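Bear in mind that the values here come from a model prediction, so they are computed numbers and not experimental data.
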2 protein chains.
Amino acid sequence: MAKAAGEALFDPVRSDRTFELVVQRIREKLAAGELRPGDKLPAERELAKQLDVSRNVVREALRALENAGMLKTRKGAHGGAFIEEGSAAQISTALNDLVILNAISLDDLFEARVMMLGMVLDHVAQSGKAPDLSALEANVAATAEAVTTGESARRVPLARAFYHEIAALTDNRALEFTIDAQTEMIQTYLRLRVSDMDGDKLLQSRSAFLAHLRAGRFDAAKVELSEHLERVHRRLWNAPPTP
Amino acid sequence: MAKAAGEALFDPVRSDRTFELVVQRIREKLAAGELRPGDKLPAERELAKQLDVSRNVVREALRALENAGMLKTRKGAHGGAFIEEGSAAQISTALNDLVILNAISLDDLFEARVMMLGMVLDHVAQSGKAPDLSALEANVAATAEAVTTGESARRVPLARAFYHEIAALTDNRALEFTIDAQTEMIQTYLRLRVSDMDGDKLLQSRSAFLAHLRAGRFDAAKVELSEHLERVHRRLWNAPPTP
DNA sequence: ATTCTTTATTGGACCTACCAATAGCAAGGA
DNA sequence: TCCTTGCTATTGGTAGGTCCAATAAAGAAT
């Protein structure tokens, strides 16, 4: 059957851009398990020779993979491109780019995070099993120490870990990574605007939250958490920008 | 206060990797709104001259931004690098990479998606306002047509749109993009394994879901949706892989 | 045994040249 | 007039070379 006049009879013999083919090759090796996190790729010059392309092409391919968070390169002797473990960074840079492009607002991101954290608690409540709270207990204890000793620098990673442990209650990596990415994003923008927050209020909220969880009052925990986040949110917008 | 012997007294004057500085510059211009979607960057040779770096460096920077989904390049006269609109593709490739790196499983992704769609319905129910169902109505009508006329090819994008419209009920772009990304991922892997599914069963589920929503029975809608997704999930794992 | 020096390796940057796609314009023919 | 054809300038894509800088390991000096 003949094609209509305007339609293409032939597909292009070769898709443009050699470096994309190189990226594809490496992705395939990763997906097939031939390359695993920690493995080292051949040197750029060697790869170029093996694939019969210029070193430029190899470098652009590595740049693409590195930007996607699948590689890290080290200089010097015995350096090279090493396969990375997956991390939330890949999602959070994607979210960050969407914020930069004005495709999503920080308000939306904030609301989505509150909703998702609440969803996690709903899920735990519904499962009927008593969750393992040891990680959260330890985190709140460490936060209490950091507040009393005045080590405000330690509080930022502890806060990140706190929300991570909530997400981890579901034992679902996809949710963990997504929530981690949101937390990372929010913290990045938050640090630009507020220097510090009220430590006592923070501790009070954390303890109340944990007490609710221990007692199995998941709805109350959810309310406590979302109200705390609301307070932070208000602070964020009211605080003077300090870029 | 003097630093300990081993510690660095000075930070390096310039961090390695010039192309990262170039990426940063362009990102800044984007964040500041000086560059907007649709705008065209100067030609590579011109950019290289302006920034006083080699064309190679410019290209590697553009590759990084392009991979992040912020740019697209066109060849030829009046070609160049054009700023893109944000899209869910950026998140979905991040998710895809995490699956490839075995950091998250498809099961987790599937479960997370079911949870998040349920969360959307909870949120709508809680808001108390009657949602605008026109988009969903139209989508289901179109699906019905595609099923009866046997146009199975149309059903894939319609399914994607269906879940997108559910996400859109929250009017939160962050959630929309995240759920869209999940849908895209799942569909990509699903298409590799199942050729088709039962159209009647699909329609039945869609209509029941919509009826529940119209009547304000959000919990029932949630159950209907999650059961449908469960069925798809089971099909997915039982179907013979066809790579 | 410890410390310093050398050296081979390897990524980072630069450069020049050429190829290939593309849009716009001009010339030519129906 | 309108459409085709071909030329041309612009611009990204690829090649392949040079040099620099960081680095780890081997070797030399203490």
To the nearest Å, give me how far apart [atom1] ([X]) and [atom2] ([N]) are.
X	N	atom1	atom2	result
B:L62	D:dG13	CG	C1'	13 Å
A:L21	D:dA15	CG	C1'	16 Å
A:F82	C:dG11	CZ	P	9 Å
B:R17	C:dT10	CZ	P	17 Å
A:R63	C:dG12	CZ	P	5 Å
A:K49	D:dG16	NZ	P	12 Å
B:E44	C:dA21	CD	P	16 Å
A:E46	C:dT9	CD	C1'	13 Å

On DNA chain D, does the nearest nucleotide to B:G76 precede the nearest nucleotide to A:A77 from the 5' side, or the other way round? Give the residue.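 First, find each residue's nearest nucleotide; the 5'-ward one identifies B:G76.
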Using heavy-atom distances to pick each residue's nearest nucleotide on DNA chain D, tell me which of A:K75 and A:E60 is more 5'.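 Going by which nucleotide is closer to the 5' end, it is A:E60.
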Side-chain N or O of [X] versus OP1/OP2 of [N]: is the shortest distance under 4.0 Å?
X	N	result
A:T73	C:dG12	yes
A:S54	D:dA15	yes
B:R59	D:dG13	yes
B:R55	D:dT11	no

Presence of salt bridge, B:R63 and B:E66, under 4.0 angstrom: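 Yes, this pair counts.
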Can you tell whether the side chains of A:R173 and A:E176 come within less than 4.0 Å, N to carboxylate O?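 Judged by the 4.0 Å cut-off on N to carboxylate O distance, A:R173 and A:E176 do form a salt bridge.
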Within the structure shown, what part of the strands sits under 4.0 Å from A:R74 by heavy-atom distance: base, sugar-phosphate, or nothing?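 Sugar-phosphate contact only.
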If you check the B:H78 side chain, which of C:dC18, C:dG12, C:dG24 turns out closest?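 The answer is C:dG24, which lies nearest to the side chain.
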Compare the minimum distances between each of D:dT14, D:dG13, C:dA13 and the side chain of B:R45, then state the nucleotide with the smallest one.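 Of D:dT14, D:dG13, C:dA13, D:dG13 is nearest to the side chain of B:R45.
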Which one of A:K72, A:R36, A:R74 satisfies the salt bridge (charged side-chain N to carboxylate O under 4.0 Å, His left out) criterion with A:E84?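 Going through A:K72, A:R36, A:R74 one by one, the salt bridge (charged side-chain N to carboxylate O under 4.0 Å, His left out) with A:E84 is satisfied by A:K72 alone.
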When you match A:A81 and B:D52 each to their closest nucleotide on DNA chain C, which lands nearer the 5' end?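 By nearest-heavy-atom nucleotide position, the 5'-most residue is A:A81.
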Does the D:dG16 base have a donor-acceptor partner in the side chain of A:N56 within less than 3.5 Å?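 Side chain to base: pair present.
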For the residue pair A:E111 and B:N172, confirm or rule out a side-chain donor-acceptor distance under 3.5 Å.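 A pair is found: one side chain offers a donor N or O, the other an acceptor, under 3.5 Å apart.
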Hey, could you give me the CG/OG1 distance between A:L98 and A:T93, rounded to the nearest 0.5 Å?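 Going from CG on A:L98 over to OG1 on A:T93, the span is 9.5 Å.
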